[in-house]
Amino acid sequence: MKISELLQKQEVTISCELFPPKKGSELEKAHEIVKEMARVKPSFMSVTYGASGGISEHTVDLANEVQNVNGVMALAHLTCASSGKDKIQEVLRELKERHIENILALRGDIPEHAEFPLPNQYHHASELMEEIKNFGNFCIGGACYPEGHPEAESLEADIDNLKRKVEAGCEFLTTQMFFDNNILYNFLYRTLKRGIEVPVIAGIMPVTNAKQIQRITSLSGTILPQRFRAIVERFADYPAALKQAGIAYATDQIIDLIANGVNHVHIYTMNKPDVAAAIFQNLSEIYHLPN
Ligand code: FAD
């Protein structure tokens, strides 16, 4: 099934995210994580590609495990910063062979000091989307940034680029994490005003350990509301308490989104089935509600 069809149904959807292991020897453990994550029955599971300097070799394998072994729709990420055009063609063929129909097409982060784009690389996600569209019969998603992408000249320029992605074949957008829902509501208003009408899936990051906090605070421009800061300050040195508070904060954000008509939520579960299970349990009556 294509995610675009799922998002057209009048239902709340909640999806999860996985990242592949860096070493092939850890694949078995990753398969176990997929199995545990599948138990919460997410609407779909996405598998990252070359994120945070990681490698891209196991994305197709893990997406296959999600969909063809565990019966959950898979969304395979694909980036053009970490793969040349030949490699992209190869991955598209592999996905097609495994009947994986959904791709989140991204540029990816450019490694420091790297020459980019090389002659055999696409420059922007929109170019990769065109390539995937030409390949045929994939549902294509893309990334969006409620607070603006850090490299964009302005919020308006960033929205113009989003419009370009939609024109290139992007059928849905998933947001970067945000910790204040008003930022998303404001962004949705601006996208609609620009004529972007594809469904937007809200990306929620449950902050459950101190390492994540360091990463988030280093993200330029991310607004951290006082309520979030208070949790970090009070619980940072108490891992179990921080985890509980992070799950509650993410749950609250999701309930507010769904109450306000944002019916599609993607949780950055970061390979933590227990965190996914706790949030899905908190939302057991809300998940699957009609619109
Ligand atoms: P683009 O859409 O190409 O945009 C990048 C920048 O270029 C933006 O500033 C944009 O405004 C600008 N731009 C775009 N088109 C044009 C144009 N035609 N002319 C001028 N400027 C333009 N990274 C990974 O490595 N692997 C992953 O699996 C991964 N998954 C992600 C999932 C989500 C939901 C999100 C939000 C991000 C993910 N990322 C991942 C991170 C992402 O790759 C980075 O944020 C990257 O810096 C931008 O990717 P993009 O696809 O948004 O790029």
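Both backbone and side-chain heavy atoms feed into the values below; hydrogens, waters and symmetry mates do not. Both counts, for ligands and for their atoms, begin at 1 and track the order of listing. Predicted model only: the values in this text are computed from it and were never measured.
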Open item on the list: Is there a polar contact between ligand 1 and Gln176, counting only N or O atoms under 3.5 Å apart?
Closed with: no

Open item on the list: Heavy atoms only, cut-off 4.0 Å: how does Thr79 contact ligand 1, side chain, backbone, both, or neither?
Closed with: side chain

Open item on the list: I'd like to know whether ligand 1 has Tyr122 as a neighbour, heavy-atom separation below 4.0 Å.
Closed with: no

Open item on the list: So for ligand 1, is Tyr49 a polar contact partner (N or O within less than 3.5 Å, distance only)?
Closed with: yes

TODO: Answer yes or no: does an N/O atom from Ala125 fall short of 3.5 Å to an N/O atom of ligand 1?
DONE: yes

Open item on the list: Quick check: Leu106 and ligand 1, any N/O pair under 3.5 Å apart?
Closed with: no

TODO: Report, in ascending order of atom number, the atoms of ligand 1 lying under 4.0 Å from any heavy atom of Tyr268.
DONE: 33 (C), 34 (C)

Task: Same apolar cluster (I L V M F W Y, side chains within < 4.5 Å links), Leu192/Leu188 - done: no

- [ ] Pick one of side chain, backbone, both or neither for how His77 approaches ligand 1, counting any non-hydrogen atom pair under 4.0 Å.
- [x] side chain

Open item on the list: Heavy atoms only: which of His124, Glu151, Lys165 lies closest to atom 2 (O) of ligand 1?
Closed with: Lys165

Open item on the list: List ligand 1 atoms under 4.0 Å from Arg164, heavy atoms only on the residue side.
Closed with: 16 (C), 17 (C), 18 (N), 19 (N)

- [ ] Give a yes or no on whether a salt bridge exists between Arg107 and Glu151, defined as a side-chain N under 4.0 angstrom from a carboxylate O.
- [x] yes

- [ ] Taking all non-hydrogen atoms of both residues into account, name the closest pair between Leu242 and Phe235 and its distance.
- [x] CB-O, 3.5 Å

Open item on the list: Just verifying a value: how many Å separate Leu62 CG and Asn271 CG, rounded to the nearest 0.5 Å?
Closed with: 7.5 Å

Open item on the list: Less than 4.0 Å is my threshold; does some heavy atom of Tyr145 fall inside it relative to ligand 1?
Closed with: yes

TODO: Could you tell me whether some N/O pair between Asp109 and ligand 1 is separated by less than 3.5 angstrom?
DONE: yes

TODO: Enumerate the atoms of ligand 1 whose separation from the nearest heavy atom of Thr48 is less than 4.0 angstrom.
DONE: 28 (O)

- [ ] Go through ligand 1 atom by atom and flag the ones less than 4.0 Å from a non-hydrogen atom of Ala152.
- [x] 9 (O), 11 (O)

- [ ] Say whether Thr269 and Glu17, considering side chains only, have a donor N or O and an acceptor N or O under 3.5 Å apart.
- [x] no

- [ ] Take His266 and Tyr268 through the test ring pair (Phe, Tyr, Trp, His ring centres under 6.0 Å) and record every step on the way to the result.
- [x] CA-CA 7 Å; His266 184 67; Tyr268 292 108; 5.5 Å; yes

- [ ] Compute both the distance and the angle, then confirm whether Lys85 meets the cation-pi test with Tyr122: under 6.0 Å from the six-membered ring centre, within 45 degrees of the axis.
- [x] yes

Task: Structural part of Ile110 in contact with ligand 1, heavy atom criterion under 4.0 angstrom - done: neither

Open item on the list: Under a 3.5 Å cutoff, is there a donor and acceptor pairing between the side chains of Tyr185 and Asp256?
Closed with: yes

TODO: For Gly50 and ligand 1, answer yes if some heavy atom of the residue is under 4.0 Å from a ligand atom, otherwise no.
DONE: yes

TODO: Check each heavy atom of His123 against ligand 1 and say whether those closer than 4.0 Å belong to the side chain, the backbone, both or neither.
DONE: neither

Open item on the list: Can you tell whether the side chains of Glu26 and Lys29 come within less than 4.0 Å, N to carboxylate O?
Closed with: no

Task: From CA spacing to verdict: salt bridge (Lys or Arg N to Asp or Glu O under 4.0 Å), Lys87, Glu90 - done: CA-CA 5 Å; Lys87 176 71 182 171; Glu90 186 187 314; 3.6 Å; yes

Task: Nitrogen or oxygen of Asn161 less than 3.5 angstrom from that of ligand 1 - done: yes

Task: Asp274 side, atom CG; Thr208 side, atom OG1 - distance, nearest 0.5 Å - done: 8.0 Å

Open item on the list: Below a 4.0 angstrom heavy-atom separation, can you tell me which part of Phe19, side chain or backbone, both or neither, approaches ligand 1?
Closed with: neither

- [ ] For ligand 1, indicate whether the residue Thr174 contacts it via side chain, backbone, both or neither (heavy-atom separation under 4.0 Å).
- [x] both

- [ ] Drop me the distance from Ile258's CD1 to Tyr287's OH, to the nearest 0.5 angstrom.
- [x] 10.0 Å

